[in-house]
Amino acid sequence: MKALVLSAGMGTRFKSEKPKVMHPILGKPMLWYVLRLLKELNIPDIALVVGYREEEIRSYFGEDYIYYRQSNPKGGTGDAVLSAMDFWKDYEGYLLVINGDAPLVKPQTVKNMQRYLHLVEEYEGKRLSALLLSAQLPDPTGYGRVVKNSEGNVVRVVEEKDASPEERMISEVNGGLYMFYCPHLFQTLKEVKPSSHTGELYLTEVFSLMHVSGYVVRSFMAEDPVEVLGVNTRWELAVSENVIRLRIVQSWAEKGNTIHQPESVWIEPEVVLEGDVEIYPHVMLRGNTKVGKGVVVGSGSIVENSTVEEGALIEPYSVVRNSRIGSSAVVGPFAHVREGSYIGPESHVGNFVEVKKSSLEKDVKAKHLSYIGDAVIEEGANVGAGVVFANFDGKRKHQSYVGKGAFIGSNSLIVAPVKLGSYSFVAGGSVITKDVPEGDLAITRPELKLYAGKGKKKLIGQEGNV
Amino acid sequence: MKALVLSAGMGTRFKSEKPKVMHPILGKPMLWYVLRLLKELNIPDIALVVGYREEEIRSYFGEDYIYYRQSNPKGGTGDAVLSAMDFWKDYEGYLLVINGDAPLVKPQTVKNMQRYLHLVEEYEGKRLSALLLSAQLPDPTGYGRVVKNSEGNVVRVVEEKDASPEERMISEVNGGLYMFYCPHLFQTLKEVKPSSHTGELYLTEVFSLMHVSGYVVRSFMAEDPVEVLGVNTRWELAVSENVIRLRIVQSWAEKGNTIHQPESVWIEPEVVLEGDVEIYPHVMLRGNTKVGKGVVVGSGSIVENSTVEEGALIEPYSVVRNSRIGSSAVVGPFAHVREGSYIGPESHVGNFVEVKKSSLEKDVKAKHLSYIGDAVIEEGANVGAGVVFANFDGKRKHQSYVGKGAFIGSNSLIVAPVKLGSYSFVAGGSVITKDVPEGDLAITRPELKLYAGKGKKKLIGQEGNV
Amino acid sequence: MKALVLSAGMGTRFKSEKPKVMHPILGKPMLWYVLRLLKELNIPDIALVVGYREEEIRSYFGEDYIYYRQSNPKGGTGDAVLSAMDFWKDYEGYLLVINGDAPLVKPQTVKNMQRYLHLVEEYEGKRLSALLLSAQLPDPTGYGRVVKNSEGNVVRVVEEKDASPEERMISEVNGGLYMFYCPHLFQTLKEVKPSSHTGELYLTEVFSLMHVSGYVVRSFMAEDPVEVLGVNTRWELAVSENVIRLRIVQSWAEKGNTIHQPESVWIEPEVVLEGDVEIYPHVMLRGNTKVGKGVVVGSGSIVENSTVEEGALIEPYSVVRNSRIGSSAVVGPFAHVREGSYIGPESHVGNFVEVKKSSLEKDVKAKHLSYIGDAVIEEGANVGAGVVFANFDGKRKHQSYVGKGAFIGSNSLIVAPVKLGSYSFVAGGSVITKDVPEGDLAITRPELKLYAGKGKKKLIGQEGNV
């Protein structure tokens, strides 16, 4: 079997410059899900028909695929398949044709269709010319209808706008996924005439031509009608995203992870949970994220392209991006770890702390209101509340280094580039502009002056600004 | 057509001092939605019957409406309509009567009812004395039932507590919205007797009187039964809010905005999205907010009474209130912009930064842990991490000014009122108490002293406090 | 009536070390809900059959219960009941047997079952040998089926894996809650044979033995089928948690609290709302939390084991744990109040402020970017932006005290232990290392130096680091 994905349309109802199939579902283009389906089916030859903004599609998906260009943007689906004729015209097998806006079809459904093709061949002695995925919808409005004869064979498939009132009453709708026997497709597709209404060549016209030619076409009904949902508006995009999201969330729960308020949790398709993970409501796990055994992710936290190792605790409302959190580390609440940072085992990055491009080794504490940028902090060091690593001098970024067991008192400023030796001690409120040797105490502190009675006077408005 | 809104009740089951119709749905009183419906229908004369805490209602909705007072709080709906008799008794048209606790009725439904009145007049040659909105409910418990005769005309409408067992089996319920032909209403309403159970005059009693007088009353069934949901408890309030919220969210998605987890997103009725906006889960857009083309609002952010201009990025968990965010600006994560602030184009207000009553012009950076209050900051200036604008001296608030391209080093304190000239440079950790001329460097920094070995001693507990 | 809870299983499909019944639902073990049910029914004698990791169960639930050990972990439910035989074998009444993984059964349902036992005795003159809770499920897959004869009596209950194809068509399923007449249970249970498939003794085998012995067994159908949901996977755990959560949320709404997006709100079972509370979306109220009249909890806030008094306002994204918030206090947005703190009436703890083990009396302001640890702050004091209470010297924690009406200027550092007298005034940017007497002004501030033109030079890269 070969597979052809129709993704040339612009998706007018999306009201967007971006091609419809490139709109994101859980951080991946809609089309990504269709291609993943085909890869999970181990279909070796996959081609895409592209047109509108094709370069955007090609540059995202790269050269694993064959691309055919549909030159007429209003040519219709029949014209799209014809545009890729070189891909399938000499192939004596089945061509799976799927719309790029059908991200919800499950691999098992397609496998069942493949099996059905075989069963019909084996038990009925027939080769189907086409098998199309369909679904029974309570409200079929907007979908093409599948018209069958008394033997259960498909006679024609008709778009809603071309359907007769009787045909509109049919509740079996076209699911936008077909398997065609290529020689028969070749024979019939070239005879399709443009629609008198729209001028488009409808691929679905081949079914009536096949039927008239004595070829057998069948439909295969999806168990779950949601699989055939086509995504034509951004509302349908949101609905599809929810369907895929809940499939992912449910599957991680069933693999032995506790997920609270699963309907509120966002897990992207490439995320991995290693088991016994506990996820609180409103969490987002994004991109290429890996969450180790026993990790707890507090409510509302966002982890993106990051690794969180065994037993770590992400407290509520933390944002972790492109970083690594070591085992049994504690992050948050309200922490922001970003851009290639590393929080070592048993370290604690607390509330209102930002860590950027920094490495905190084992058992480092930075629990309150700090900015740690471009720094390496060795094991056991303590960063007080309100400490800032001034890594930017108005022109350039600079690095800092904090040795083992060092202590940086609160509200101190570490002006990079600077090196604090092991077990050095920076007194609170100091501004450190040069290296502090190992074990030394560093301090910048003016004398404390007291002015008797002057405080109260200021407070009652008898004194000026200080 | 004239319209009369019944909003005199206190809503005992709400267990609240506030009148029931003033309880909020997406930031507006429930009653606001009923009045919006009537305005969308272009009904010129709208009156409200008020009673319980009428001043609260009148002061909110103002003098666009005519108010009538129901003096007997237990008079019932019939008494309520009688209280407003001056409004309609001489009117030879239809009076639309709606309960103030029916916020879910759609304009199209009322238009369809108006059209139905015309159609009956034109094709059946009848003038209906009343047309009432109804719905078919699987579980009608708690609602008044619509009793019809074999011709489909309404014979009576009966409250559940007064209904016979057979009447309770009826699943067509009274939707609380009526159109009365005023002369017939006048004739029948004055004959209504108080309920023997409650002593109230039920407006719905007129239907049986009309029927007995030979007048024709019909019911008009809502397509979607949710429209007739009356809001009698705070649970029903929550349900109604969800219905209205999802209508709003879906409509913005269909207009070409991407909304993730739409069921988690809160958009109030006066918010405007200009297209191609991307909204992440758990976002709240409140009040009079306008979001420009291509804006991305990260998850959990709250934007209230603010304008966000084209291409701006609101990172997760930011709170923006009564402010303006310029085009391509970046705000957050964890930023708080409030009280009449302006963040200029391409400016960046980062994590744990609060901006209050301040104006940041183009390309200003304040990326970490700062409080900027009562300041004007000119183009290209940089506010370091941990910088505080001390705008309060214990008695009064003062203003600060930061010129073009100025640089304020981290952990500095800007003691207002003060003026930093263009391209001035404040060294990190400084306290600025007087103006800094253009291009100057300002610094307050005590000498850095190092005490050899004393740091380690402190850390092992051999030295006192620093 | 006595009650026996079967909680010896490990719940293989949970893929967890922890016993299944100890997995949390809204912060309490699943088993807690079963025991709460039994306590609400006023059943005096409650026993638990434990086995897998019994010590974890016993230490959580303590000695209010009688525990019996099932020594064979694969003995099955029949063996479990036999393990507790001393509890019931001489009892001439009914034994309620419930699975520990059935947290959704409602007290009213069990009361109705008890009443049914009485009614059958009174009106039919029969003593039922067993009454089992059942439910009608559209898809009964996975559940044991209830097989009845034409008289409506239960003939047998069969596990799905042992069911015949006809039996699998039965949609009435076993709900895992039984009432047994003990003498009859004793007689039949000892005759149960191990399953030929699994070697387990199924408790449900007694029903066919009872039927054969001429005893009468009936089923009692739950009104809401969700009550019989057994929790066998973590997905079912999530579903059960949602069911219980929405019951709790709806009940607080109906008691007169406004809850926005109720499906997004998390309220644990021991939380109390005192009325007229307004809860915004995505809020979590946890543990032993009490929320006073008229309190508003902004979206995303988390309140755990805390008391929030009348009229307080919790702004969005605040985390309050083990603390008390006084009446009309304001907390947040983005505030973190923790570990035994007290925020007095009318006080205001604002954005990016952490309060730990501290007491803020009436009308204290700490509105921006502060860390207040181990401090007592008296009435009317003002803590400026960026102020840190340095409570840790690298070895020990120390206390601070701030007197009435004191003012701490921004970015100051209060180095504990230290005492600021009433109406004392700390100038911005100061480091306070010794006590400040009442009414005094304290300041540590180096001279401000200006270097003409040097700022601009630095900014264009002609000067080194500062």
Side-chain angles (χ1 to χ4, degrees), chain A residues 250 253-264 275-276 280-282 298-300 315-317 333-334 350-352 368-369 382 384-386 393-396 398 407 409-411 415-417 425 427-429 433 444-459 463 466, chain C residues 14-17 23-24 233-235 237-238 241-242 245 263-264 266 282 284 300 302 317 319 334 336 352 354 369-371 373 386 388 390 392 394 405-407 409 411 413 415 423-428 430-434 436-446 458-459 461 465-466:
Chain A
Q250 179 167 358
E254 279 169 352
K255 282 175 189 148
N257 301 283
T258 294
I259 303 182
H260 301 281
Q261 291 183 214
E263 71 288 354
S264 77
D276 251 331
Y280 275 88
H282 318 121
S299 67
E315 287 260 41
Y317 303 117
F334 307 111
N351 49 192
F352 319 123
H368 336 257
L369 290 156
N382 191 310
D393 62 8
K395 292 298 289 177
R396 279 170 298 267
H398 302 280
F407 180 94
S410 295
N411 269 1
V415 183
F425 189 107
T433 47
T444 65
R445 189 174 291 169
E447 192 193 350
L448 173 58
K449 292 178 187 156
L450 298 176
Y451 297 91
K454 211 171 161 188
K456 188 157 191 181
K457 275 191 191 153
K458 275 189 67 61
L459 290 170
E463 291 277 336
V466 180
Chain C
F14 261 61
K15 295 169 186 159
S16 170
E17 300 277 289
H23 275 260
T233 65
R234 301 229 205 168
W235 180 251
L237 181 72
E241 188 170 61
N242 271 350
R245 190 168 57 81
E263 72 288 355
S264 77
W266 171 291
H282 318 121
M284 298 182 91
I302 300 173
Y317 303 118
V319 174
F334 306 111
H336 187 195
F352 319 124
E354 174 186 1
L369 290 156
S370 291
Y371 171 58
V388 170
F392 182 54
F407 181 94
N411 270 1
L413 183 70
V415 183
Y423 303 103
S424 63
F425 189 107
V426 173
S430 299
V431 178
I432 303 305
T433 47
K434 58 184 183 197
V436 178
E438 189 176 332
D440 278 12
L441 184 149
I443 185 163
T444 66
R445 190 174 291 170
K458 276 191 65 64
L459 290 170
N465 194 18
V466 179

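Side-chain atoms are counted along with the backbone in the values below, which use heavy atoms only and exclude waters and symmetry mates. Note on naming: letters A, B, ... go to the chains in the order of the sequence lines (proteins, then strands), and numbering restarts at 1 for each one.
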Discussion item. Apply side chain to side chain contact (heavy atoms under 4.5 Å, CB included) to residues C:Arg245 and C:Trp266 and explain how you reach the verdict.
Written reply: CA-CA 6 Å; C:Arg245 190 168 57 81; C:Trp266 171 291; 4.1 Å; yes

If one checks every heavy atom of C:Phe14 against chain A at 4.5 Å, the contacting part turns out to be backbone

Interface moiety of C:Ile302 toward chain A, non-hydrogen atoms closer than 4.5 Å =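 Just its side chain gets close to chain A.
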
Which atoms of [X] approach chain C - backbone, side chain, both or neither, heavy atom under 4.5 Å:
{"X": "A:Lys395", "answer": "side chain"}
{"X": "A:His282", "answer": "side chain"}
{"X": "A:Ile259", "answer": "backbone"}
{"X": "A:Glu447", "answer": "backbone"}
{"X": "A:Ser264", "answer": "neither"}
{"X": "A:Asp276", "answer": "both"}

Taken to the nearest 0.5 Å, the spacing of C:Phe352 CZ from C:Phe334 CZ works out to 5.0 Å

Rounding to 0.5 Å, atoms CG (C:Asn411) and CG (A:Asn411) come to a distance of 6.0 Å

When every non-hydrogen atom of A:Gly429 is compared with those of C:Leu413, the smallest separation belongs to N-CD2, 3.5 Å

Can you name the closest pair of heavy atoms from A:Gly453 and C:Asp440 and give their distance?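 Looks like N-OD1, 2.9 Å.
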
Pick whichever of [options] has the most heavy-atom pairs under 4.5 Å with chain C.
{"options": "A:Asn382, A:Asn351, A:Thr258", "result": "A:Asn351"}
{"options": "A:His260, A:Gln261, A:Lys255", "result": "A:Gln261"}
{"options": "A:Gly409, A:Gly350, A:Pro281", "result": "A:Pro281"}
{"options": "A:Gly300, A:Pro333, A:Gly384, A:Gly394", "result": "A:Pro333"}

Could you tell me whether a side-chain N or O of [X] sits under 3.5 Å from a main-chain N or O of [Y], the two making a donor and an acceptor?
{"X": "C:Ser424", "Y": "C:Pro437", "answer": "no"}
{"X": "C:Thr233", "Y": "A:Glu254", "answer": "no"}
{"X": "A:Lys449", "Y": "C:Leu441", "answer": "no"}

Q) Do you know which of C:Glu354, C:Arg234, C:Lys15 has the most heavy-atom pairs under 4.5 Å to chain A? A)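 Most heavy-atom pairs under 4.5 Å with chain A: C:Arg234.
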
Assess the residue pair A:Glu315 and C:Val319 against the criterion (side chain to side chain contact (heavy atoms under 4.5 Å, CB included)); give the C-alpha distance rounded to whole Å, side-chain angles, the decisive distance to 0.1 Å, and a yes or no. CA-CA 10 Å; A:Glu315 287 260 41; C:Val319 174; over 6 Å; no

